[in-house]
Amino acid sequence: MATIGYARVSTEGQELTAQLEQLQSQGIDKIYKEKASGVKQDRPQLAAMIDYVREGDTVVVCKLDRIARSTKHLLEIVEALEAKKVAFKVLNINLDTSTPTGKLMLSMLAAIGQFEREMMLERQREGIRIAKDAGAYKGRKPTAMEQSAKVMDLIGLGKTKQAVADEIGIGVASVYRIMKNGKAP
């Protein structure tokens with residue numbers, strides 16, 4: 001019966017230190033560490049941890065959002081753990097799925113988290129709509145391929161590929177790709 005920790009941050013620039021210290025203070029036997037978005041469901045360390053755990057083990061995370069961002073994904077993870085007879089604990093809210101109360105709490109918290117995310121996305125869409133109506137939102141900048149004619153014109157003037165990329169604001173690899181295609185669409 002082992003206690004397995006899982007620590008995750010969303011970007012390479014963030015640090016796992018606080019989570020690792022908190023998990024180590026709990027006497028965790030093994031810790032899986034990951035730097036990946038919580039929205040990504042195909043996280044290698046998460047998959048490795050789920051594969052590693054055995055009956056009687058307990059998976060511990062510092063916060064609920066470190067393991068999943070959607071209700072569906074969270075419940076899939078917990079279901080996979082339960083199928084292996086593995087308990088799940090969340091330290092900051094003292095949640096333990098080995099108890100009936102813990103199972104109920106987990107479902108409620110996951111639903112609230114999903115609701116909050118959907119509300120945030122709805123507010124974002126509304127903000128974009130208002131900005132579009134006011135003429136302040138122009139959408140995405142044109143992609144490099146949409147600038148093929150300009151790239152070919154500048155190359156035709158004898159500019160270097162790097163100079164063309166810098167002038168248009170695209171990557172030099174895009175300039176090569178456009179040139180490989182032979183001419184502007």
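None of these values were measured; they are calculated from a predicted model. Note: hydrogens, waters and symmetry copies are ignored here, and every other heavy atom, side chains too, is used.
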Could you check whether any side-chain heavy atom of [X] comes within less than 4.5 Å of a side-chain heavy atom of [Y], counting everything from C-beta outward?
X: Leu64; Y: Leu74; answer: yes
X: Gln22; Y: Leu91; answer: yes
X: Lys89; Y: Val59; answer: no
X: Ile4; Y: Tyr52; answer: yes
X: Ile155; Y: Met179; answer: yes
X: Lys35; Y: Arg8; answer: no
X: Val9; Y: Glu15; answer: no
X: Lys33; Y: Leu20; answer: yes

*Checking Arg43 side chain against Ile67 main chain: does a donor-acceptor pair fall under 3.5 Å?*
yes
*Assess Lys30 against Tyr32: is NZ or CZ under 6.0 Å from the centre of the six-membered ring, and within 45 degrees of the ring's axis?*
yes
Straight-line distance of [X] [atom1] to [Y] [atom2], nearest 0.5 Å:
X: Met49; Y: Leu46; atom1: CE; atom2: CG; value: 5.0 Å
X: Leu154; Y: Gln147; atom1: CG; atom2: CD; value: 10.0 Å
X: Ile93; Y: Cys62; atom1: CD1; atom2: SG; value: 12.0 Å
X: Asp29; Y: Asp57; atom1: CG; atom2: CG; value: 8.0 Å
X: Ile178; Y: Met152; atom1: CD1; atom2: CE; value: 8.5 Å

*Listed partners of Glu116 passing salt bridge (Lys or Arg N to Asp or Glu O under 4.0 Å), at least two apart*: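 Checked Glu116 against salt bridge (Lys or Arg N to Asp or Glu O under 4.0 Å); zero matches.
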*When you check the gap from the basic side-chain N to the acidic O, do Glu126 and Arg123 get nearer than 4.0 Å?*
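The answer is no: the pair does not qualify as a salt bridge.
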*Of Asp65, Leu95, Thr97, which meets side chain to side chain contact (heavy atoms under 4.5 Å, CB included) against Val90?*
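Only one option passes, and that is Leu95.
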*Could you tell me whether Asn94 atom CG has more than 12 heavy atoms of other residues or ligands within 6.0 Å of it?*
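No, CG of Asn94 has 12 or fewer neighbouring heavy atoms, counting only those of other groups under 6.0 Å.
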*Decide if atom CE of Met108 counts as having more than 12 heavy atoms of other residues, nucleotides or ligands within a radius under 6.0 Å.*
no
Over all atoms of both residues, closest heavy-atom pair of [X] and [Y]:
X: Thr99; Y: Gly102; answer: OG1-N, 2.9 Å
X: Ile28; Y: Gly5; answer: CG2-N, 3.2 Å
X: Asp96; Y: Ala87; answer: OD1-CB, 4.4 Å
X: Ile77; Y: Ala68; answer: CD1-CB, 4.1 Å

_Contact list for residues 153-177, test salt bridge (charged side-chain N to carboxylate O under 4.0 Å, His left out), sequence neighbours left out_ =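 Qualifying pairs: Lys159-Glu167.
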Using a 3.5 Å cut-off and no angle test, enumerate the donor-acceptor pairs between side-chain atoms of residues 79-86 and protein atoms at least two apart in sequence or in another chain.
residue	atom	partner	partner atom	Å
Lys84	NZ	Ile50	O	2.6
Lys84	NZ	Asp51	O	3.0
Lys84	NZ	Val53	O	3.1

*asked:* If only side-chain N and O atoms count, and only distance matters, is there a donor-acceptor pair under 3.5 Å linking Glu34 with Tyr6?
replied: yes
